[in-house]
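Everything numeric here is computed off the predicted structure, so don't read it as measured data. Values below: all heavy atoms of this structure, side chains included; hydrogens, waters and symmetry mates excluded.
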Amino acid sequence: MAANPIVEQTLLQATQVIEKQVDAEIAKLDNMEEDDFEALRRRRMEALKKQQQQKQEWLNSGHGDYTEITTEKEFFEQSKKSKNLVCHFYRDTTFRCKILDKHLALLAPKHLEAKFICFNVEKCPFLVERLRIKVLPTICIAKDGKTTDYIVGFDDLGGRDEFPTEMLEWRLGRADVINYSGDLMTPPWDPNNEGGKKKIFGHAKQSKKTIRDDGDDDSDLDDDW
């Protein structure tokens, strides 16, 4: 099949643009003087200093640990203190809540940019009603004091109890509550191994009116606290 001359010309032009950009960057580096390198080094050191300060602020606010809160007042305080909040609403008698606890405990020290907490639904009837939590386990995701997403049951995590921690990490990354370094469009795990292909799982939908264990749920988003 003969090559399409229009496509070839387009590719050639794109290649030339990229080459010019690379040449410009090389020329810029070649022309940098000692003062320029020193300024670049200072900017880099300042950025690292700010990163360290931010990390310390997170640690001082309790980030890095997966902790349990016991009052609704404490929940509101946490939502004000932390820009990114991951709250697992659980019940002791729900087996899948214990599975989720294990994964959240592993992610908390890895992602200091978010505060990871859990709350027993039997101790927070007002929040259960306010956030319309009807299925356990449910993770409420909040940014700047406003709910932005929910992970209900395990549907978004592959629908299996044995999902890997990386799957929950990916889902939290898609919710933009943690800094995820992987491909947000491709889940890291395919429970069905469908020809080696991976797929993005749909978000769970609410349909029940009473709290129950695992299953589909539906919650209004963007609820101000």
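- Between Y180 and D183, the closest heavy-atom pair is CE2-N, 3.7 Å.
- In this structure, E129 places its CD atom where only 12 or fewer heavy-atom neighbours from other residues, nucleotides or ligands lie under 6.0 Å away.
- In this structure, the separation between NE2 on H103 and CG on L168 is 7.0 Å, given to the nearest 0.5 Å.
- Legend: residues meeting side-chain hydrogen bond (donor to acceptor under 3.5 Å, both in side chains) with Q56, ordered by chain and number and at least two apart, are N60.
- If you take CG on D156 and CG on D149, they are separated by 7.5 Å, rounding to the nearest 0.5 Å.
- Not counting sequence neighbours, E19 has no partner by the salt bridge (Lys or Arg N to Asp or Glu O under 4.0 Å) test.
- Qualifying side-chain contact (heavy atoms from CB on, under 4.5 Å) partners for E46, counting only residues two or more places apart in sequence or in other chains: K49, K50.
- The salt bridge (Lys or Arg N to Asp or Glu O under 4.0 Å) check on K110 picks up E169, with sequence neighbours excluded.
- Atom-to-atom distance recorded for D144:CG and L85:CG is 11.0 Å, nearest 0.5 angstrom.
- In this structure, the side-chain contact (heavy atoms from CB on, under 4.5 Å) partners of P164, at least two apart in sequence or on a different chain, are E166, M167, W189.
- Not counting sequence neighbours, Y66 has no partner by the ring pair (Phe, Tyr, Trp, His ring centres under 6.0 Å) test.
- Not a single donor-acceptor pair under 3.5 Å links the side chain of K83 to the backbone N or O of G145.
- With sequence neighbours excluded, no residue forms a side-chain hydrogen bond (donor to acceptor under 3.5 Å, both in side chains) with S61.
- Using a 4.5 Å cut-off between side-chain heavy atoms of Ile, Leu, Val, Met, Phe, Trp and Tyr, L112 falls into a hydrophobic cluster with W58, L59.
- Residues I139 and Y90 do not share a hydrophobic cluster, clusters being chains of Ile/Leu/Val/Met/Phe/Trp/Tyr side chains in contact below 4.5 Å.
- Between F163 and L157, the shortest heavy-atom distance links the atoms CB-O, 3.3 Å.
- Although no hydrogens or angles enter the test, the distance criterion places a donor-acceptor pair under 3.5 Å between the side chain of K115 and the main chain of G62.
- Closest approach of A114 and V86 over heavy atoms only: CB-CG2, 4.4 Å.
- I178 is not connected to L106 by any chain of hydrophobic side-chain contacts under 4.5 Å among Ile, Leu, Val, Met, Phe, Trp and Tyr, and they are in different clusters.
- Using a 4.5 Å heavy-atom cutoff, the side chains of Y150 and I141 are not in contact.
- For the pair W170 and T186, the tightest heavy-atom approach, listed with the atom from each and the gap, is NE1-O, 3.5 Å.
- To the nearest 0.5 Å, atom CD1 of residue I117 and atom NE2 of residue H63 are 9.5 Å apart.
- For the atom pair N84 CG and S79 OG, the distance stands at 12.5 Å (nearest 0.5 Å).
- Two residues are said to be in side-chain contact when any heavy atoms from C-beta on lie closer than 4.5 Å; F75 and C87 meet this criterion.
- D176 meets the side-chain contact (heavy atoms from CB on, under 4.5 Å) test with K143; sequence neighbours excluded.
- The existence of a salt bridge linking R171 and D155 is excluded, since no basic side-chain nitrogen approaches an acidic carboxylate oxygen closer than 4.0 Å.
- A donor-acceptor pair under 3.5 Å links the side-chain atoms of T71 to the main chain of E74, judged by distance alone.
- Listed here is the closest heavy atom pair of L136 and C97: CB-SG, 4.3 Å.
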Item to check | F116 vs H88, ring-ring contact (aromatic ring centres under 6.0 Å, His included): CA-CA, chis, key distance, verdict | outcome: CA-CA 8 Å; F116 289 75; H88 170 208; over 10 Å; no
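- Taken from OG1 in T138 to CZ in R91, the straight-line distance is 11.0 Å, to the nearest 0.5 Å.
- Residues satisfying the ring pair (Phe, Tyr, Trp, His ring centres under 6.0 Å) criterion with H111, sequence neighbours excluded, are absent altogether.
- A donor-acceptor distance shorter than 3.5 angstrom exists from the side chain of E72 to the backbone of L127, with no hydrogens or angles considered.
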Which atom pairs, one a donor and one an acceptor, fall under 3.5 Å between side chains of residues 118-126 and the rest of the protein, sequence neighbours left out?
{"from": "N120", "atom 1": "OD1", "to": "E122", "atom 2": "N", "distance (Å)": "2.9"}

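- Contact detail for V177 and E113: the closest heavy-atom pair is O-CG, 4.3 Å.
- Residues satisfying the salt bridge (Lys or Arg N to Asp or Glu O under 4.0 Å) test with D65, not counting sequence neighbours, are none.
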